[in-house]
Protein chains: 2
Amino acid sequence: MSIQFDNVTVLKKGNVYFDGKCVSHTVLFADGTKKTLGVILPSTLNFGTASPEIMEIVSGSCRIRLKGEEAWNTYGAGTQFSVPGNSSFDIEVTETVDYVCHYG
Amino acid sequence: MSIQFDNVTVLKKGNVYFDGKCVSHTVLFADGTKKTLGVILPSTLNFGTASPEIMEIVSGSCRIRLKGEEAWNTYGAGTQFSVPGNSSFDIEVTETVDYVCHYG
């Protein structure tokens, strides 16, 4: 997994969610797509999705439960999970997570 | 003031300081220079500097006191202040700050 994105545009203003438990910055690609790079501090949160998302875990560790499922699955550095659009997921961050969110 | 940086490299892993009161992402430029884009939540913190820094306030509001000074000065969106190397500054964030840190 690459540690960086090259030849991109990054927005100076960040995005703050859940009183700062999640902070991200937006990255724009030449092909018109967008990703966000973020940090989630240890906490248990529920994120909603508009479009489908792929969450790539860069570092840290978390447990994820997708909407409508009972099982929690654990994700660490180098792993990823997919979330449908117009849905949500619970995340329990056990070790501060760095992530890349890819929008489908 | 531009709202973005174009044609840059951004590192996927963020930087977390003060238990998450400050979260930043690192941006690398073609000329070899580096900046960080960050968010500071409402709090009063002391930041140390290694190299000289220019702190550009993108949004929000804060009060700053440089090391060795008694006066606090207020900075808001579109303003900036300079900090010498091997020094420090106190920052009181009254409204969540988005910043760009330029290293000298």
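Lettering follows sequence order; numbering is per chain, from 1.
- No side-chain heavy atom of His25(B) sits under 4.5 Å from any side-chain heavy atom of Val27(A).
- Comparing Val39(B), Ile3(B), Leu28(B) by how many heavy-atom pairs each has under 4.5 Å with chain A, the most go to Ile3(B).
- To the nearest 0.5 Å, atoms OG1 (Thr26(A)) and CD (Gln4(B)) are separated by 10.5 Å.
- Atom OH of residue Tyr99(B) and atom NZ of residue Lys13(A) lie 14.0 Å apart, to the nearest 0.5 angstrom.
- For chain B, the option among Val23(A), Asn15(A), Asp19(A) with the highest count of heavy-atom pairs below 4.5 Å is Val23(A).
- For the options Thr96(A), Leu11(A), Val8(A), heavy-atom pairs under 4.5 Å to chain B are most numerous at Val8(A).
- In this structure a side-chain-to-backbone donor-acceptor pair under 3.5 Å is present from Asp98(B) to Gly14(A).
- No single ILVMFWY cluster, assembled from side-chain heavy atoms under 4.5 Å apart, contains both Val100(A) and Phe81(A).
- There is a path of hydrophobic side-chain contacts, each under 4.5 Å, that joins Phe29(B) to Phe29(A).
- Only the side chain of Leu41(A) has a heavy atom closer than 4.5 Å to any heavy atom of chain B.
- If you chain together hydrophobic residues whose side chains sit under 4.5 Å apart, Phe18(A) and Ile91(A) fall into the same group.
- Residues Val83(B) and Tyr17(B) fall within the same hydrophobic cluster, defined by Ile, Leu, Val, Met, Phe, Trp and Tyr side chains chained together at heavy-atom separations under 4.5 Å.
- Using a distance-only test at 3.5 Å, with no hydrogens or angles considered, no donor-acceptor pair links the side chain of Lys12(B) to the main chain of Phe5(A).
- At a heavy-atom cut-off of under 4.5 Å, chain A is reached by Glu56(B), Val58(B), Ser59(B) from residues 47-78 of chain B, listed in order of number.
- With hydrophobic clusters built from ILVMFWY side chains whose heavy atoms lie under 4.5 angstrom apart, Ile40(B) does not share a cluster with Val16(A).
- Heavy atoms of Val10(A) lying under 4.5 Å from chain B belong to its backbone as well as its side chain.
- Using a 4.5 Å cut-off between heavy atoms, Asn7(A) contacts chain B through its backbone alone, with no side-chain atom that close.
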